[in-house]
Peer 1: 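Take a look at the following structure, please.
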Amino acid sequence: MAKKSSAPTKTAQKSAPPSGKAKLADLTHVQVEGSAELSYNGKKIALPVMHGTAGQPALDIRPLLPQFGMMTYDPGFGSTANCRSAITFIDGDKGILRHRGYEIADLAERGDFMEVCYLLLHGELPTPIEKAEFEQMIIYHTMLHEQVYPMMEGYRRDAHPMAVMVGIVGGLSAFYHDSLDIADPEQRMLASHRLIAKMPTIAAMSHKYSIGQPYVYPQNHLRYAENFLQMTFSVPAEPYIVNPVLARALDRILILHADHEQNASTSTVRLAGSSGANTYACIAAGIATLWGPLHGGANEAVLQMLAEIGPKKNIPNVIKRAKDKNDDYRLMGFGHRVYKNYDPRAQVMKKTCEEVLKELGINDPMLETAMELERIALSDDYFVEKKLYPNVDFYSGIILRAMGFPTKMFTMLFAVARTAGWIAQWKEMIEDSEQRIGRPRQIYVGETSRKYVPLNQRGAGKLRAVR
Ligand code: CMC
């Protein structure tokens with residue numbers, strides 16, 4: 001190990017960032033402390049070890065390919081830090097999740113979603129005036145361009161809402177031309193506010209379209225979660241009174257999903273953004289990635305799983321299947337790449353779930369099945385050894401169902417919340433002077449070099465039916 005040095009990294013020493021890039025002071029908190037040596041085929045290299053303010057250190061492998069002629073192999077990026085970030089910290093072994101230093105449970109219990117959005121975007125909790133201004137700004141942008149509505153009508157009514165959301169959000173770049181220049185900080189902020197504001201409107205609108213009810217416009221006197229409930233559940237034929245317990249629960253669900261460090265969808269947003277694509281296009285890429293059942297689609301999959309399990313007596317059979325190496329069945333809502341302890345979001349979610357069911361007077365047998373599944377799994381050697389705990393998606397579906405959200409809408413709710421995190425991470429990346437276009441390498445395992453064979457010399461083959 002080389003001598004400890006508290007010298008700032010190369011980045012911190014850079015004088016001025018390239019034009020259009022604001023330098024974020026908190027991104028330069030990386031310290032170089034020691035190095036790790038690597039030797040291969042008589043060649044040696046010392047790689048600096050980088051330390052952030054918390055979490056595991058990272059080897060700076062940037063000199064590896066140019067100076068050592070070697071790449072790294074890390075499918076799924078399990079050991080790779082792709083960026084510096086000051087937004088979210090996770091300690092998966094201890095079950096810690098913090099945004100800008102604040103514990104997730106504190107934010108969920110004492111804060112609200114607008115405050116968390118502000119925190120993620122700006123780095124600090126807002127003062128009362130900053131908060132009022134921010135909320136006003138978001139409310140101001142909740143309406144959609146009227147031509148988005150005919151765009152919606154181009155979809156089949158039975159389309160999955162996530163398919164609709166990917167299309168509509170990507171399509172916003174065709175409507176809001178005044179916020180496409182990502183080099184302009186004001187345009188970046190305008191696009192950010194628009195996206196946070198319009199996501200609930202798009203989500204509610206796609207629900208209304210799917211059930212054939214008229215679209216409900218946003219109401220500026222309502223707060224974010226209240227407005228979302230109103231747009232989703234009210235009908236023009238009768239007054240709609242927002243239940244404060246449900247609005248609070250929805251707000252809390254949004255907080256719990258707001259950001260989660262460099263997960264698949266956030267990394268996708270960063271990768272898309274690294275090419276200079278506009279904000280709307282980048283967020284659409286994030287939505288597409290979130291849709292998968294291993295990521296945001298898990299909340300929908302949990303409910304399907306619980307419905308399939310049925311009564312508690314069937315649980316041992318699914319536990320057996322989940323453990324069977326020859327069966328690709330998994331317990332949805334269990335396990336996490338980073339958490340090797342109870343997901344701190346799942347704890348708040350479980351409590352919220354109990355509150356909502358109590359408020360609504362619902363006795364959902366699925367909750368009973370879920371709790372029993374959790375109990376059995378957490379005492380089973382397979383799950384204990386692999387440290388598979390319930391994640392955020394395990395209880396969220398039960399709450400959303402109780403609130404009246406159709407199952408198909410669950411992942412869309414996740415997307416509404418995660419937009420805050422995507423935007424904050426995207427903005428941080430754009431403003432980081434170290435940012436380059438994302439471009440991983442590969443270990444090539446295909447044919448090496450072959451001679452071209454003309455078509456008429458390649459054999460007859462057999463014609464298959466075209467479908
Ligand atoms: N049920 C049964 N076995 C599991 C599960 C599960 N839910 N999750 C992981 N395992 C096993 C897996 O078979 C593997 O076993 P082995 O080492 O014998 O091959 C081991 O645990 C490690 O799994 P992995 O797939 O290598 O872990 P990963 O980090 O690549 O995947 C995960 C993480 C979340 C995709 C995975 O745990 C999973 O598929 N869970 C179910 C889907 C789910 O709930 N997703 C929501 C994640 S939280 C919301 C979000 O942030 O998106």
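Order of listing sets the numbers, starting from 1, for every ligand and every atom in it.
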Peer 1: Do Tyr329 and ligand 1 have an N or O pair less than 3.5 Å apart?
Peer 2: no

Peer 1: Of the protein's non-hydrogen atoms, which lies at the shortest distance from atom 5 (C) of ligand 1, and what is that distance?
Peer 2: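 For atom 5 (C) of ligand 1, the nearest protein heavy atom is Leu388 CD1, 3.9 Å.
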
Peer 1: State plainly whether the residues Asp324 and Arg321 are in salt-bridge range, i.e. N to O under 4.0 Å.
Peer 2: no

Peer 1: Would you call Asp112 and Lys131 a salt bridge, taking side-chain N to carboxylate O under 4.0 Å as the test?
Peer 2: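 Result for this pair is yes, salt bridge flagged.
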
Peer 1: Whether Lys358 and Glu354 form a salt bridge (side-chain N of Lys/Arg under 4.0 Å from carboxylate O of Asp/Glu) is what I want to check.
Peer 2: no

Peer 1: May I ask you to say whether Glu372 pairs ionically with Lys313, meaning some side-chain N is under 4.0 Å from a carboxylate O?
Peer 2: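 Looking at Lys313 together with Glu372, the answer is no, because their closest N to O distance does not fall below 4.0 Å.
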
Peer 1: Any idea which part of Leu294 is under 4.0 Å from ligand 1, heavy-atom wise: side chain, backbone, both or neither?
Peer 2: both

Peer 1: Give a yes or no on whether a salt bridge exists between Arg100 and Glu124, defined as a side-chain N under 4.0 angstrom from a carboxylate O.
Peer 2: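 Looking at Arg100 and Glu124, the cut-off is not met.
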
Peer 1: Any side-chain donor-acceptor pair under 3.5 Å between Arg194 and Ser179?
Peer 2: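 Side-chain D/A pair, Arg194 to Ser179: present.
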
Peer 1: Run the numbers for me: atoms of ligand 1, each under 4.0 Å from some heavy atom of Ala298, listed by number.
Peer 2: 43 (C), 44 (O), 45 (N), 46 (C)

Peer 1: Looking only at protein heavy atoms, which one is nearest to atom 34 (C) of ligand 1, and what is the separation?
Peer 2: Gly335 O, 3.7 Å

Peer 1: For Val302, which part has a heavy atom under 4.0 Å from ligand 1: side chain, backbone, both, or neither?
Peer 2: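 Neither; nothing of Val302 gets under 4.0 Å from ligand 1.
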
Peer 1: To which protein heavy atom is atom 50 (C) of ligand 1 closest, and what is the distance rounded to 0.1 Å?
Peer 2: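 Result: His295 ND1, 3.5 Å.
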
Peer 1: Using a strict threshold of under 4.0 Å (side-chain N to carboxylate O), is an ion pair present between Arg248 and Glu355?
Peer 2: no

Peer 1: Starting from atom 41 (C) of ligand 1, find the nearest protein heavy-atom neighbour and note its residue, name and distance.
Peer 2: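 Ranked first by proximity to atom 41 (C) of ligand 1 is Phe334 O, 3.4 Å.
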
Peer 1: Show the atoms of ligand 1 that are less than 4.0 angstrom away from any heavy atom in Lys325.
Peer 2: 16 (P), 18 (O), 19 (O)

Peer 1: Quiz question: by atom type and distance under 3.5 Å, do the side chains of Tyr395 and Gln347 form a donor-acceptor pair?
Peer 2: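 No, no side-chain donor-acceptor contact under 3.5 Å.
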
Peer 1: Name the closest protein heavy atom to atom 31 (O) of ligand 1, giving the residue it belongs to and the distance to 0.1 Å.
Peer 2: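 Ranked first by proximity to atom 31 (O) of ligand 1 is Arg330 NH1, 4.3 Å.
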
Peer 1: Quiz question for you: does at least one protein heavy atom lie closer than 4.0 Å to atom 27 (O) of ligand 1?
Peer 2: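 Under the 4.0 Å cut-off, atom 27 (O) of ligand 1 has no protein heavy-atom neighbours at all.
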
Peer 1: Specify the protein heavy atom at minimum distance from atom 17 (O) of ligand 1: its residue, its atom name, and the distance to 0.1 Å.
Peer 2: Lys386 NZ, 3.5 Å

Peer 1: Identify, for atom 1 (N) of ligand 1, the protein heavy atom at the shortest distance, and state residue, atom and that distance.
Peer 2: Leu331 N, 3.1 Å

Peer 1: How about His260 and Gln425: does a side-chain donor come under 3.5 Å of a side-chain acceptor?
Peer 2: no

Peer 1: For ligand 1, is there an atom lying under 4.0 Å from some heavy atom of Tyr382?
Peer 2: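 So Tyr382 counts as touching ligand 1.
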
Peer 1: Against ligand 1, does Gly333 come closer than 4.0 Å with any heavy atom?
Peer 2: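 True for this residue.
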
Peer 1: Quick one: does Asn263 get a heavy atom under 4.0 Å from ligand 1?
Peer 2: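 No; Asn263 lies far enough from ligand 1 that no heavy-atom distance drops under 4.0 Å.
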
Peer 1: Are Lys350 and Glu374 ion-paired here, with the side-chain N under 4.0 Å from a carboxylate O?
Peer 2: yes

Peer 1: Please state which protein non-hydrogen atom is closest to atom 51 (O) of ligand 1 and give its distance, to 0.1 Å?
Peer 2: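 I find the closest protein heavy atom is His336 NE2, 3.7 Å.
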
Peer 1: Any salt bridge between Arg223 and Glu135, counting N to O under 4.0 Å?
Peer 2: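 Salt bridge: yes.
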
Peer 1: What do you reckon, does Met332 have a nitrogen or oxygen under 3.5 Å from a nitrogen or oxygen of ligand 1?
Peer 2: no

Peer 1: Could you tell me which atoms of ligand 1, counted from 1 in the order shown, lie closer than 4.0 angstrom to a heavy atom of Asp393?
Peer 2: 46 (C), 48 (S), 49 (C)

Peer 1: Provide the closest heavy-atom pair for Met199 versus Ala415 in the form atom of the first, atom of the second, distance.
Peer 2: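 Where Met199 meets Ala415 most closely, the heavy atoms are CE-O, 3.7 Å.
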
Peer 1: For the residue pair Tyr149 and Tyr215, does the interplanar ring angle fall in the parallel (under 30°), tilted (30 to 60°) or perpendicular (over 60°) class?
Peer 2: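 Correct class here is tilted.
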
Peer 1: Before signing off on this row, confirm whether Arg337 and ligand 1 have an N or O atom pair separated by under 3.5 Å.
Peer 2: yes

Peer 1: Protein non-hydrogen atoms only, distance under 4.0 Å: does atom 22 (C) of ligand 1 have such a neighbour?
Peer 2: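 It does not: no protein heavy atom is found less than 4.0 Å away from atom 22 (C) of ligand 1.
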
